[in-house]
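One structure is given here, and the rest of the page talks about it.
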Amino acid sequence: MAREPKAMPALEGPVDHAEPADGAEGSAPPPPAPSKTAHLVMLLQRPEGATLVELMEATGWLAHTTRAALTGLRRKGHVIARGKRDDVTCYSIIETA
């Protein structure tokens with residue numbers, strides 16, 4: 001027995017795909033949210049840097065993924081220093097001249 005295809009729900013009202021005129025309110029979409037990597041860089045640029053736990057909480061990544069992202073930043077040319085804050089490893093980006 002063959003199945004009958006499901007009917008697609010009808011759209012309500014006409015759909016206008018035209019671009020809004022210049023100067024129209026709300027014509028520009030909101031800017032995209034910063035990427036997780038950009039957020040990681042922002043945290044690492046703070047004077048106190050960031051611990052692994054802080055980076056994990058900010059991105060929602062697991063520890064191994066967060067460490068891999070740090071390695072990726074190093075490969076992109078960022079100099080990442082490792083230090084201690086309250087006996088916890090802390091990472092920070094060192095500004096190069």
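Values below: every heavy atom of this structure, side chains too, minus hydrogens, waters and symmetry copies. Starting from 1, each residue takes its place in the sequence as its number.
Atoms CG and OG1, on Leu70 and Thr37 in that order, are 10.0 Å from each other to the nearest 0.5 Å. Note that CG of Leu73 is 5.5 Å distant from CG of Leu40, once rounded to the nearest 0.5 Å. In this structure, the separation between CE on Met56 and OG1 on Thr66 is 5.5 Å, given to the nearest 0.5 Å. For the atom pair Ile93 CD1 and Arg46 CZ, the distance stands at 11.5 Å (nearest 0.5 Å). Of the inter-residue distances, the one linking Met42 atom CE with Gln45 atom CD reads 9.0 Å to the nearest 0.5 angstrom. Atom CZ of residue Arg82 and atom SG of residue Cys90 lie 11.5 Å apart, to the nearest 0.5 angstrom.
Lys36 and Thr59 make their closest contact through NZ-O, 2.9 Å (heavy atoms, listed as atom of the first residue, atom of the second, distance). Among all heavy-atom pairs drawn from Ala58 and Leu43, the shortest one is CB-CD1, 3.4 Å.
Screening Leu55, Leu62, Leu52 for a side-chain contact (heavy atoms from CB on, under 4.5 Å) involving Arg67 leaves a single residue, Leu52.
When the side chains of ILVMFWY residues are joined at heavy-atom separations under 4.5 Å, either directly or via intervening members, Leu44 and Val79 end up in two distinct hydrophobic clusters.
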